[in-house]
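Read the structure below first, then the notes.
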Amino acid sequence: MPKTYEEIEDEVIRGGKGFSSFKRMVADMLKQTRAFQLLVLSIIVTAITSTVAFYAIGLVADQITARNIGLLIVYAMVFLGMYVIQFFSNWLRTTTSTFLSQNTLKNLRDDAFASLQKVPVSFFSKVKTGYLISRISNDGESLSEFLTFQLPSVLSGVATLVISAGFMLYLAPTLALYSFIVIPILFVFTFSIQSRVRRNYLRTRRAIARITGNLAEDIGAIRAIKSFNIEDKVSGNFRKLNAENYEANMVASRLSSTYSAIIRIIEALGISIVLFEGGLETLHGVVSLGILVSFVFYVQGFFNPVIQLSQTYNAYQSAMVGLTRIYGIIDADKEALPLKPVQLDSFEDSISFRNVSFSYGEGYALNRVNLEIRKGQKIGIVGHTGAGKTTISNLLLKFYHPNDGTIQIDGKNLEEIQTRSYRRLIAPVLQDPFMFRGTVLDNIRFSDPDATREKVLECVERFGLGAIFKRMPDGIDTDIGEMGRNLSEGQRQAISILRAFILNPEILVLDEPTSQIDPQSEKAIINALEKFLRDKTLILITHRFSLIQLVDNVIVLDHGSIVEEGDVPTLLEGSGKFSQLYEYQRQDYELM
């Protein structure tokens, strides 16, 4: 059977096991030495004061029997003092645990996002955006709740349990041993159900990830949805995913409720045993009434952290599922870097494709391509959809690496060149440029955040693109809306081209830059490109021949191979693929 998208995503983003991830996280938390020491101190103080407070209650009961009012007041004040100290220790525990957990989560999210900047582009073709958002956001919140509230409470409870158990053995050894009878039952039950709990929490996380991914896609495509009148279909698909999420959470909730109920029954059994045995020992004079009263509180105090520990196990499972998924992003395979990267400060001679083959999975997108682009040359790459044009762009921009063959720039293997230095020399103008929320000016400066307003305005006017933005309410200060929804296609592409111009690259890659814009905007953009390209190297990837006037040589691709090469007049004289493509468009566009 073919793999589901979730299975493919889990292969791409491999997470470790819960406990190993937990140990890794704790090691990171230990680096925050001062906060960790304060947390440990507050937990120990809380445990000691709780134990002393329960003992003081027993002493008060003994003084009531002895009718000793003086000591009764003293022990009552001791009890009050312990609770006052405990209030401050709990406050310290809460504040330090919040600092530790939130700082840890912040570091995890920073590391996860930084990792996403270093993975190869192919990673994003296999993992949905919503899936990644859900991992970093939703799974992070689950972990945050566990670290901030539940884990510190459990640690405090365990410390109280240990000290209380020692006090119980000191006060009444036989009675203490009777109280421990139910502990094996409690732990056997807890560990027998752990795998089922983990599976259910994993199911809920996947369900909410699917909803998040679906929301991101549908909201982003709302215009297309309305245009094709498929609102009902889209709503039905969301209802289905929402129902799956509902069912997953209901199953998890029923399991959690059943688990809690059984734990409470075990607790009641343990207390009943202690009350029975303690009552007999009190009647026979083995222990005083005060000791029995203290012991009842100790038993309750002893069981509360055990029960809390058991209940928190569910939260632990949920948090560890989230943690392993976040570490999966952090540990995702990064883009391969050369051992000794070559710095490239300028483009001096040529770019060469030597027997380059590439596949996205099945079949070759490029097959043994040989191509040379000289400095200052303007090359056009044309062909039908799927011929391999954009693949050449992807390889040139180092989004992917060839499966076979090499790409060389100035005689150096492109894979061995430092990517940052190379990308300072080359800039792309893509068919569907991404627009960020903000103004036109913000989006032009996206490629160079240090560019001044004056530099941007000078660039706009120098290349004759000012008219495109003058129609906007506030010119280049106009807010473009989410993903540039307030822009026309011509304005979007003008912004994309200006992003490249601001960098002043030596090599410009145009990938279908005017395929969706109106003739007036296209003419302005062509004029701007002609001015910019006078001393630049151009690689134009297009199926629209209105831009062919920009190039002095054409490469024709078909099924991943070069089938023709030459200047435009020579290729038009023949009866090959280029002239056929030209004829298809001649009646639709004004060419050359």
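Counting begins at 1 with the first residue of the sequence.
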Quiz prompt | Nearest atoms (heavy-atom pairs only) where Phe22 meets Met320 | solution = CB-SD, 3.5 Å

Quiz item: Cut-off 3.5 Å, side chains only: do Tyr400 and Thr391 have a donor facing an acceptor?
Solution: no

Exercise. Indicate yes or no for a side-chain donor-acceptor contact from Asn237 to the backbone of Lys233 under 3.5 Å, with no hydrogens or angles considered.
Key: no

Exercise. Locate the shortest heavy-atom distance separating Ser447 from Arg499; write the atom from each residue and the value.
Key: OG-O, 2.8 Å

Self-check item: Least distance between heavy atoms, Ile480 atom then Thr439 atom
Solution: CG2-C, 4.0 Å

Practice problem: Identify the heavy atoms of Phe36 and Met29 that sit nearest to each other, and give their distance. | Solution: CD1-O, 4.3 Å

Self-check item: Verdict with supporting geometry, Arg445 and Asp450, salt bridge (Lys or Arg N to Asp or Glu O under 4.0 Å)
Solution: CA-CA 8 Å; Arg445 288 196 298 205; Asp450 296 327; over 6 Å; no

Exercise. Verify whether the ring centers belonging to Phe436 and Phe446 lie closer than 6.0 Å.
Key: yes

Practice problem: Determine, stepwise, if the pair Arg453 / Asp477 fulfils salt bridge (Lys or Arg N to Asp or Glu O under 4.0 Å). | Solution: CA-CA 10 Å; Arg453 177 186 179 85; Asp477 294 311; 2.8 Å; yes

Quiz prompt | Beyond-backbone contact of Arg93 with Leu39, side-chain heavy atoms, under 4.5 angstrom | solution = yes

Quiz item: Under 4.5 Å between any side-chain heavy atoms of Gln102 and Ser144, yes or no?
Solution: yes

Self-check item: Closest non-hydrogen atom pair between Val234 and Asp218, with its separation
Solution: CG1-OD2, 3.2 Å

Quiz prompt | Sidechain N-carboxylate O distance under 4.0 Å for Lys23, Asp28 | solution = no

Practice problem: Considering only NZ, NE, NH1 and NH2 on the basic side and carboxylate oxygens on the acidic side, decide whether Asp442 and Arg437 come within less than 4.0 Å. | Solution: no

Quiz item: How about Phe87: does its CZ atom have over 12 heavy atoms from other parts shown lying under 6.0 Å from it?
Solution: no

Quiz item: After noting the C-alpha distance and the side-chain angles of Lys240 and Glu247, does the key distance pass the salt bridge (Lys or Arg N to Asp or Glu O under 4.0 Å) rule?
Solution: CA-CA 11 Å; Lys240 180 182 177 182; Glu247 181 60 29; over 6 Å; no

Quiz item: Can Ser89 and Thr46 be counted as having a side-chain donor-acceptor contact under 3.5 angstrom?
Solution: yes

Quiz item: For Phe113, does its backbone N or O pair with a side-chain atom of Gln117 as donor and acceptor, under 3.5 Å?
Solution: yes

Quiz item: Are the side chain of Lys398 and the backbone N or O of Leu396 linked by a donor-acceptor pair below 3.5 Å?
Solution: no

Self-check item: Atom CZ of Phe238: over 12 foreign heavy atoms under 6.0 Å
Solution: yes

Quiz item: So, Ser421 side chain and Asp345 main chain: donor-acceptor pair closer than 3.5 Å or not?
Solution: no

Quiz item: Is the backbone N or O of Ile329 less than 3.5 Å from a side-chain atom of Ser115, with the two atoms forming a donor-acceptor pair by type?
Solution: yes

Quiz item: If only atom types and distance count, is the side chain of Asn249 paired as donor or acceptor with the main-chain N or O of Asn245 below 3.5 Å?
Solution: yes

Exercise. Indicate yes or no for a side-chain donor-acceptor contact from Ser156 to the backbone of Pro152 under 3.5 Å, with no hydrogens or angles considered.
Key: no

Exercise. Give a yes or no on whether the backbone of Asn103 and the side-chain of Asn107 come within a donor-acceptor separation of less than 3.5 Å.
Key: yes

Self-check item: Test item: Thr478 and Asn486 side chains (from C-beta on) under 4.5 Å apart, heavy atoms
Solution: no

Quiz item: If only atom types and distance count, is the side chain of Arg210 paired as donor or acceptor with the main-chain N or O of Leu241 below 3.5 Å?
Solution: no

Quiz item: Charged N to carboxylate O under 4.0 angstrom, Asp331 versus Arg24?
Solution: yes

Self-check item: Check: Ser488 main-chain N/O paired with Gln491 side-chain donor or acceptor under 3.5 Å
Solution: yes

